[in-house]
Amino acid sequence: MGPILLALADENRRRVIAELSARPDEERLCASFDLPVGKSSRTRHWRVLREAGLVYQRNVGNGLYMRLRAEDLERRFPGLVQAVVAAG
């Protein structure tokens, strides 16, 4: 649970989780998120989310797609994603 809480401690990553949770069955191009950070910071955010087990990532050519691991998270930590979204 520690890596998940550390990943969710950042406002930008919470925003990404909230946006992904609005459409949990859809993949989203990582470049489509409007975050007020540079490319290297975005890359770090994606890595933290992936390594914490919050998202799936898939490379397609030059693009990186992300999807929330909604079912896995709900089964392991019921209500966590909803609480993060509600608190945001």
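Numbering of residues begins at 1 and proceeds along the displayed sequence.
- Across Val81 and Ser21, no two heavy atoms sit closer than the pair CG1-CB, 3.7 Å.
- The CD atom of Glu27 sits 10.5 Å away from atom CD of Gln57, with the distance rounded to the nearest 0.5 Å.
- The side-chain hydrogen bond (donor to acceptor under 3.5 Å, both in side chains) check on Arg42 picks up nothing, with sequence neighbours excluded.
- With hydrophobic clusters built from ILVMFWY side chains whose heavy atoms lie under 4.5 angstrom apart, Leu6 does not share a cluster with Met1.
- When the salt bridge (charged side-chain N to carboxylate O under 4.0 Å, His left out) test is applied to Arg67, no partner is found at least two apart in sequence or on another chain.
- Ser32 pairs by the side-chain hydrogen bond (donor to acceptor under 3.5 Å, both in side chains) definition with Arg28, not counting sequence neighbours.
- Taking Glu11 as the reference, nothing meets the side-chain hydrogen bond (donor to acceptor under 3.5 Å, both in side chains) condition, with sequence neighbours excluded.
- Residues Leu29 and Val16 are members of separate hydrophobic clusters, defined by side-chain heavy-atom contacts under 4.5 angstrom among Ile, Leu, Val, Met, Phe, Trp and Tyr.
- With values rounded to the nearest 0.5 angstrom, Asp10 atom CG is found 9.0 Å from Leu35 atom CG.
- With values rounded to the nearest 0.5 angstrom, His45 atom NE2 is found 5.5 Å from Ser41 atom OG.
- Taken together through direct or relayed side-chain contacts under 4.5 Å among Ile, Leu, Val, Met, Phe, Trp and Tyr, Val55 and Val37 form part of one hydrophobic cluster.
- Rounded to the nearest 0.5 Å, atoms CG (Leu54) and CG (Leu80) are 7.5 Å apart.
- Put simply, Leu68 and Val48 are part of two different groups of oily side chains (I, L, V, M, F, W, Y) that touch within less than 4.5 Å, one to the next.
- The salt bridge (charged side-chain N to carboxylate O under 4.0 Å, His left out) check on Arg14 picks up nothing, with sequence neighbours excluded.
- Minimum heavy-atom separation, Ala52 to Pro3: CB-O, 3.6 Å.
- In this structure, Ile4 CD1 and Leu49 CG are separated by 10.5 Å, a value rounded to the nearest 0.5 Å.
- Taking Arg13 as the reference, nothing meets the salt bridge (charged side-chain N to carboxylate O under 4.0 Å, His left out) condition, with sequence neighbours excluded.
- Within 6.0 Å of atom CZ in Arg76, 12 or fewer heavy atoms from other residues, nucleotides or ligands are found, so the atom counts as exposed in its surroundings.
- Taken together through direct or relayed side-chain contacts under 4.5 Å among Ile, Leu, Val, Met, Phe, Trp and Tyr, Val84 and Phe77 form part of one hydrophobic cluster.
- Looking at every heavy atom in both residues, Cys30 comes nearest to Met66 through SG-CE, 3.5 Å.
- Between atom CG of residue Leu20 and atom CG of residue Asp25 there is a gap of 11.5 Å, rounded to the nearest 0.5 Å.
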